[in-house]
Participant: 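Next up is a structure, given as structure tokens.
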Amino acid sequence: MISIRSLAGACLSAFAALSAAAVPASAQSYPTRTITMIVPFAAGGPTDVISRIVTANMAPTLGQSIVIENVVGAGGTTATTRAARAANDGYTLVTGHMGTHAASVPLYPKLAYHPEKDFEPIALLAGTPILILARKDFPPKDLKEFVAYVKANAEKINAAHAGIGSVSHVSCELLNSILGVKPVGVPFNGTGPAMNALVAGQVDYMCDQIVNAVPQINAGTIKAYAIATPERNPSLPNVPTTAEAGLPDFQAQAWNAIFAPKGTSPAIIATLNAAVIKALDDETVRKRLLELGSVIPAPANRTPEALATLVKSEIAKWTPVLKPAS
């Protein structure tokens, strides 16, 4: 006679076999060739730098190379559209952020993709606090003077950003709305070129992610008035928070995360998520990200489900802020 325990074991084995059979062979063997990671901005910007640090560690785990492809234009939406339309086989991914996967919704009424409907979230890579920056010879000495100067000279000064919908654009839109000013916006194809213009003194100020700014601040080629987070950042201990400097309403932190086209196999998503988690726990990766001022996500915030929740909440946060600007 077959015991209940034996029968149950047989059923579980059969279920496991059926489940395995239901997973496409391509998912079981994934990856078997080079993966392309689309970065929606020029090389050298925060999204590019973070992508390269993390994917360099993911590649050995996956046993395949990951090639970074920088595709610029339209605040990152050109590249993100391309990623949304790519084959959902796990070989074309995109590093998105709060611009491409949240602010783009209110800014682009004819957006060719939807951040929630057209992508499978994989994992959050890093948080990146926002700084208020200016060329090194910009007259104001601190944030209080900056606020007064910008209000008095808004029509004469300009603010650089990495394109409509980029983090640097939406962050400054929030800052400018708080200050009640409309300076001349100067778009660039990525944060790297925008930062180069600030260093060269061709533009007056910008709001940018800390990753891109730390080397320049430490070199004295630009100045930082404040960081828009509740706490100071260890990589810039002398830069006050916006609350400390007298502008508590301006709070902003960007984020970067990996997404795959909608319909990508759950097995492939799980494989990629595990590779990201392993990379974020690697001491070399952590040291590099922390040196740049990044905030490494806590374990609870590294799941695809947590990233999906973040995208939904960020769309809800930025839509009322940016809708008038669109």
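Count residues from 1 along the sequence.
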Participant: Taking only residues two or more places apart in sequence or in another chain, which ones pass salt bridge (charged side-chain N to carboxylate O under 4.0 Å, His left out) with K278?
Facilitator: none
Participant: Please determine if D89 and R33 form a salt bridge, counting it only when a charged side-chain N lies under 4.0 Å from a carboxylate O.
Facilitator: yes
Participant: Quick one: salt bridge (charged side-chain N to carboxylate O under 4.0 Å, His left out) partners of D118, sequence neighbours excluded?
Facilitator: none
Participant: Compile the donor-acceptor pairs under 3.5 Å between side chains in residues 203-211 and protein atoms, sequence neighbours left out, one pair per line.
Facilitator:
unit_1 : atom_1 : unit_2 : atom_2 : d
D204   : OD1    : R135   : NE     : 2.9
D204   : OD1    : R135   : NH2    : 3.0
D204   : OD2    : N158   : N      : 2.9
Y205   : OH     : N176   : OD1    : 2.9
D208   : OD2    : N212   : ND2    : 3.0
Q209   : OE1    : T128   : OG1    : 2.7

Participant: Hey, any chance L143 and F250 share a hydrophobic cluster, counting ILVMFWY side chains that come within less than 4.5 Å of each other, even indirectly?
Facilitator: yes
Participant: Per the side chain to side chain donor-acceptor pair (under 3.5 Å) rule, what does the pair list look like for residues 71-83, sequence neighbours excluded?
Facilitator: E69-R82
Participant: Does K312 have more than 12 heavy atoms from other residues, nucleotides or ligands lying within 6.0 Å of its NZ?
Facilitator: no
Participant: For the atom pair CD (E173) and CD1 (I164), what is the distance rounded to the nearest 0.5 Å?
Facilitator: 7.0 Å
Participant: Quick check for you: to the nearest 0.5 Å, what is the distance between L307 atom CG and I258 atom CD1?
Facilitator: 10.0 Å
Participant: Hey, is NZ on K262 packed in by over 12 heavy atoms from elsewhere, all under 6.0 Å?
Facilitator: yes
Participant: Check the orientation of H101 and Y113. Use parallel for under 30°, tilted for 30 to 60°, and perpendicular for over 60°.
Facilitator: tilted
Participant: Testing the basics here: between I268 and G90, what is the closest heavy-atom pair and its distance to 0.1 Å?
Facilitator: CG2-CA, 3.9 Å
Participant: Under 4.5 Å between side-chain heavy atoms, counting indirect links through other Ile/Leu/Val/Met/Phe/Trp/Tyr residues: same cluster for Y149 and V147 or not?
Facilitator: yes
Participant: For L131 and I217, run side chain to side chain contact (heavy atoms under 4.5 Å, CB included): C-alpha distance rounded to whole Å, both residues' side-chain angles, the deciding distance at 0.1 Å, then the answer.
Facilitator: CA-CA 11 Å; L131 290 155; I217 295 169; 3.9 Å; yes
Participant: Should the ring pair Y225 and F146 be called parallel, tilted or perpendicular, given that the plane angle runs from 0 to 90° and is split at 30 and 60?
Facilitator: tilted
Participant: Holding to side chain to side chain donor-acceptor pair (under 3.5 Å), I want the full list of residues that pass it with T229, two or more places apart in sequence or in another chain.
Facilitator: none
Participant: Taking NZ, NE, NH1 and NH2 as the nitrogens, is one of them in K287 or E283 under 4.0 Å from a carboxylate oxygen of the other?
Facilitator: no
Participant: Rounded to the nearest 0.5 Å, what separation is found between the CG atom of D282 and the CG atom of N57?
Facilitator: 4.5 Å
Participant: Supply the atom-to-atom distance I222 CD1 to L133 CG, rounded to the nearest 0.5 angstrom.
Facilitator: 4.5 Å
Participant: Judged by atom type as modelled, is there a donor-acceptor pair below 3.5 Å linking the side chain of T264 to the main-chain atoms of P261?
Facilitator: yes
Participant: Which value, rounded to the nearest 0.5 Å, describes the distance between I227 atom CD1 and T241 atom OG1?
Facilitator: 8.5 Å
Participant: Strictly distance-based, threshold 3.5 Å: is any side-chain N or O of T100 a donor or acceptor partner for the main-chain N or O of H97?
Facilitator: yes
Participant: Of all residues at least two apart in sequence or in a different chain, which pass the salt bridge (charged side-chain N to carboxylate O under 4.0 Å, His left out) check with E145?
Facilitator: none
Participant: Of all heavy-atom pairs between S294 and I50, which one has the smallest distance, and what is that distance?
Facilitator: OG-CD1, 4.1 Å
Participant: Is a side-chain N or O of R302 found less than 3.5 angstrom from the main chain of L124, in a donor-acceptor match?
Facilitator: no
Participant: Short question: side chain of K144, backbone of G246 - any donor-acceptor pair under 3.5 Å?
Facilitator: no
